[in-house]
**Student:** 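Just dropping this structure here.
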Amino acid sequence: MKGAGLALASASAMLAATPALAGEVVITVTDLRSTKGVVRACMTTREDIFPKCIKDPGSHRTTVPAGENVVIRFAGVKPGDYAIALLHDENDNGKADRALGMMPKEGYGFSRDAPVKMAPPKFRDAVFSQGEGTSRLTIRMRYFL
């Protein structure tokens, strides 16, 4: 009986030391107004730089062609709290174009459909928790102009 207790304690310690498995985040993008250009996606755990997570070397980033059906996949995502920012870069110039220096001319979207009120949303409004499995999110593209 004593040996079984030691084996159980040893197995418990090994399980506790096992790192969490990486998962996958699958994003379905809806309401694109055109199939022009690309959709740029950025996912970060860093509240201090969101939504400009290009400044986070540990962020997950990708660019996919705009289309009728856009699905973005991030594999190898460690468990944690993340926020996603999307840009429908219709002219594929690598930046968010603006009218009068402040109004977005291209589409944008955020995880949890975080609201945009005169400025991009805060991390806390867009954050979601990723576990070891697959998270499926739908992000609606919005257009100001």
**Student:** Identify the heavy atoms of Glu47 and Phe123 that sit nearest to each other, and give their distance.
**Tutor:**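 Residues Glu47 and Phe123, closest heavy atoms: CG-CB, 3.5 Å.
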**Student:** Answer yes or no: are there more than 12 heavy-atom neighbours, outside Phe128 itself, under 6.0 Å from its atom CZ?
**Tutor:** yes
**Student:** Give the intermediate values and the outcome of salt bridge (Lys or Arg N to Asp or Glu O under 4.0 Å) for residues Glu106 and Arg98.
**Tutor:** CA-CA 8 Å; Glu106 296 176 305; Arg98 300 189 178 281; over 6 Å; no
**Student:** I'd like to check Gln130 versus Ser135 (side-chain heavy atoms, cut-off strictly below 4.5 Å). Are they in contact?
**Tutor:**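 The answer is yes, as the side chains (C-beta and beyond) meet within the 4.5 Å cut-off.
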**Student:** Testing Val29, Thr28, Asp113 for side chain to side chain contact (heavy atoms under 4.5 Å, CB included) with Arg140, which one passes?
**Tutor:**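 For Arg140, the side chain to side chain contact (heavy atoms under 4.5 Å, CB included) check succeeds only for Asp113.
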**Student:** Report yes or no: does His60 contribute a side-chain atom to a donor-acceptor pair with the main-chain N or O of Ala41 at less than 3.5 Å?
**Tutor:**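 Side chain of His60 to backbone of Ala41, a donor-acceptor pair under 3.5 Å: no, none is there.
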**Student:** Do Val77 and Val127 share a hydrophobic cluster (ILVMFWY, side-chain heavy atoms under 4.5 Å, transitive)?
**Tutor:**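 No, it is not one cluster - the side chains of Val77 and Val127 are not joined through contacts under 4.5 Å.
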**Student:** So do the side chains of Val64 and Val38 get within less than 4.5 Å of each other, counting heavy atoms only?
**Tutor:**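 Result no, sub-4.5 Å side-chain heavy-atom pair not found.
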**Student:** Taking all non-hydrogen atoms of both residues into account, name the closest pair between Pro115 and Pro121 and its distance.
**Tutor:**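 Minimum heavy-atom contact is O-CB, 3.3 Å.
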**Student:** Can you name the nearest heavy-atom pair linking Pro65 to Val70, along with the distance?
**Tutor:**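 Smallest heavy-atom distance, with atoms named: O-CG2, 4.0 Å.
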**Student:** Are Val39 and Met43 in one and the same hydrophobic cluster, where Ile, Leu, Val, Met, Phe, Trp and Tyr link if side-chain heavy atoms are under 4.5 Å apart?
**Tutor:** yes
**Student:** Would you say the side chains of Ser34 and Glu90 form a donor-acceptor pair under 3.5 Å?
**Tutor:**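 Note: Ser34 and Glu90 side chains meet the donor-acceptor criterion.
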**Student:** Examine distances only and state if a side-chain atom of Tyr143 and a backbone atom of Lys105 form a donor-acceptor pair shorter than 3.5 Å.
**Tutor:**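 No, the answer is negative, given that no donor and acceptor are paired below the 3.5 Å cut-off.
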**Student:** Which pair of heavy atoms, one from Gly107 and one from Leu87, lies closest together, and at what distance?
**Tutor:**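 In terms of heavy atoms, the two residues are closest at O-CD1, 3.3 Å.
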**Student:** If you draw a 6.0 Å radius around CG in Asn69, do more than 12 non-hydrogen atoms from other residues or ligands fall strictly inside?
**Tutor:**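 Incorrect, the count does not exceed 12.
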**Student:** Considering residues, nucleotides and ligands other than Arg136, do more than 12 of their heavy atoms fall under 6.0 Å from its CZ?
**Tutor:** no
**Student:** How far apart are the closest heavy atoms of Phe110 and Val116, and which atoms are they?
**Tutor:**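 Phe110 and Val116 have their closest heavy atoms at CE1-CG2, 3.6 Å.
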**Student:** Is it the case that one hydrophobic cluster holds both Tyr82 and Ile139, taking links as side-chain heavy atoms less than 4.5 Å apart, direct or via other members?
**Tutor:**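 Yes; tracing contacts between hydrophobic side chains, which count when under 4.5 Å, links both residues.
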**Student:** Could you measure the distance from the OG1 atom of Thr44 to the CD1 atom of Ile54? Nearest 0.5 Å is fine.
**Tutor:** 11.5 Å
**Student:** Say whether, by atom type as modelled, one donor and one acceptor occur between the side chain of Ser111 and the main chain of Ala83 under 3.5 angstrom.
**Tutor:** no
**Student:** Would a 4.5 Å heavy-atom cut-off, applied to side chains only, mark Leu86 and Met141 as touching?
**Tutor:** yes
**Student:** Between atom CD1 of Ile84 and atom CD1 of Ile72, what is the distance when rounded to the nearest 0.5 Å?
**Tutor:**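 With rounding to 0.5 Å, CD1 (Ile84) is 8.0 Å from CD1 (Ile72).
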**Student:** Can you measure from NZ (Lys95) to CG (Asn91) and round to the nearest 0.5 angstrom?
**Tutor:** 8.5 Å
**Student:** What's the spacing between Thr134 OG1 and Phe74 CZ if we round to 0.5 Å?
**Tutor:** 14.0 Å
**Student:** Taking it one step at a time, do Arg40 and Thr63 satisfy side-chain hydrogen bond (donor to acceptor under 3.5 Å, both in side chains)?
**Tutor:** CA-CA 4 Å; Arg40 298 181 185 282; Thr63 302; 3.3 Å; yes
**Student:** Output the distance between atom CD1 (Ile49) and atom NZ (Lys55), rounded to the nearest 0.5 Å.
**Tutor:**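 So the gap between those two atoms works out to 8.0 Å.
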**Student:** Output yes when a side-chain donor or acceptor of Ser59 lies under 3.5 Å from a complementary backbone atom of Cys53, and no otherwise.
**Tutor:** yes
**Student:** Can you tell me how far OG1 of Thr138 sits from CZ of Arg112, rounded to the nearest 0.5 angstrom?
**Tutor:** 14.5 Å
**Student:** Contact between Leu137 and Val25 at the side-chain level, heavy atoms closer than 4.5 Å - yes or no?
**Tutor:** yes
